[in-house]
Amino acid sequence: MKAKPKTRQEVLKLAKEEKVRYIRLWFTDVLGFLKGFTITIDELPRAMEDGMGFDGSSIEGFARIEESDMIARPQSETFAILPWEDKEPVARMFCDIYMPDGRPFAGDPRYVLKKNLARAKKLGFTYCVGPELEYFYFNNPKNTIVLDKGGYFDLTPLDVAQSVRNETVSALEDLGIVVEYSHHEVASSQHEIDLRYADALAMADNVMSYRLVAKEIAQSKGLHASFMPKPIFGINGSGMHTHQSLFKGTANAFFEKKEKYHLSGVAKQFIAGLLKHAPEITSVT
């Protein structure tokens, strides 16, 4: 797994070495859908310096028509070459969204997360998450014909999609995303790839990449990967269990050896906060 570039100069150097021709600039709308547009390598220095203007009025939750101009500014540390592009090298970068006057756009999910992580950092915490994303493989996008009758942790020959799943894992690793393990899930044709926990901002980018990678690899095999929560009536749906933790340095802030269940006061407050804000959280998720 190659080290990721961290600075503007490192991105430009790597892009030149790898003969990258196009860069996809990605961002997320308020509903969690990945959006983006493509620039050429010649535009990359300007994009990282000044950002690229776009019309935000057509993006869900972004802007009204009379205030549509917005700026997408690619972040150097998110540069990665897409492993499934075989004709010529294509890279992707996640963007922060700004208003024309230079203010961060308040409705940009990535900005909202960064703002809250900064608040946590002031309190001395690093917020880490480890998601378990479940999804289905179907025969094609127009139906819900399953590929197998496998169950939880089943192996071949029941799990005919194992090779597709393995190729997806390889593509994720090529993007610098650490995978812990993958397996068949409970329902027929349902699968799960679990990512190694990371800080919340890196993981948010990883999750958006994961969903696209799973769909791209499936499509290349003539299949369709669906992350719908309940695509088939009467069988298990798909979720995204998210393990959450707060760290102070290298110490788990949720752990207290002397307490019952080993839960610290911080852990109990964290749980209480989730319960208190559950209505607001579910209105979005």
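Within the model, atoms CZ of R21 and CD of E85 stand 13.5 Å from one another, a figure rounded to the nearest 0.5 Å.
In this structure a side-chain-to-backbone donor-acceptor pair under 3.5 Å is missing from N252 to F247. Between the side chain of S189 and the main chain of L147, a donor-acceptor pair closer than 3.5 Å is present. A donor-acceptor pair is defined here as one N or O able to donate and one able to accept, closer than 3.5 Å; such a pair exists between the side chain of T242 and the backbone of M240. Side-chain atoms of S264 do not come within 3.5 Å of backbone N or O of E256 as any donor-acceptor pair. A donor-acceptor contact shorter than 3.5 Å links the side chain of D108 to the backbone of I97.
A salt bridge is absent between E77 and K6; no separation between the charged side-chain nitrogens and carboxylate oxygens falls under 4.0 Å. Salt-bridge check for D96 with R110: passed, with a basic side-chain N closer than 4.0 Å to an acidic carboxylate O.
Ring geometry, Y135 versus Y137: the interplanar angle exceeds 60°, so the pair is classed perpendicular (tilted spans 30 to 60°). The aromatic rings of F270 and Y127 sit tilted, their planes meeting at an angle between 30° and 60°.
Dense packing is recorded around CD of E259, with more than 12 heavy atoms of other residues, nucleotides or ligands lying under 6.0 Å away. Annotation for K230: atom NZ counts as buried by contact number, over 12 foreign heavy atoms lying within 6.0 Å. More than 12 heavy atoms of other residues, nucleotides or ligands sit less than 6.0 Å from atom CZ of F37. The number of heavy atoms from other shown groups lying within 6.0 Å of NZ (K121) does not exceed 12. Crowding of Y197 atom OH: a count of heavy atoms from other residues, nucleotides or ligands under 6.0 Å not exceeding 12.
Nearest heavy atom pair, residue K276 against residue E280, reads O-OE1, 3.8 Å.
Using a 4.5 Å cut-off on side-chain heavy atoms (C-beta onward), M48 and V11 make contact. Inter-residue side-chain proximity for Y22 and E88 is flagged as met; some heavy-atom pair is nearer than 4.5 Å.
Between F54 and F27, the gap from one ring centroid to the other is short of 6.0 Å. Ring to ring, H183 and H191 are not that close: their centroids are 6.0 angstrom or more apart.
Q190 and S238 are linked by a side-chain donor-acceptor pair at a separation below 3.5 angstrom, with hydrogens and angles left out of the test.
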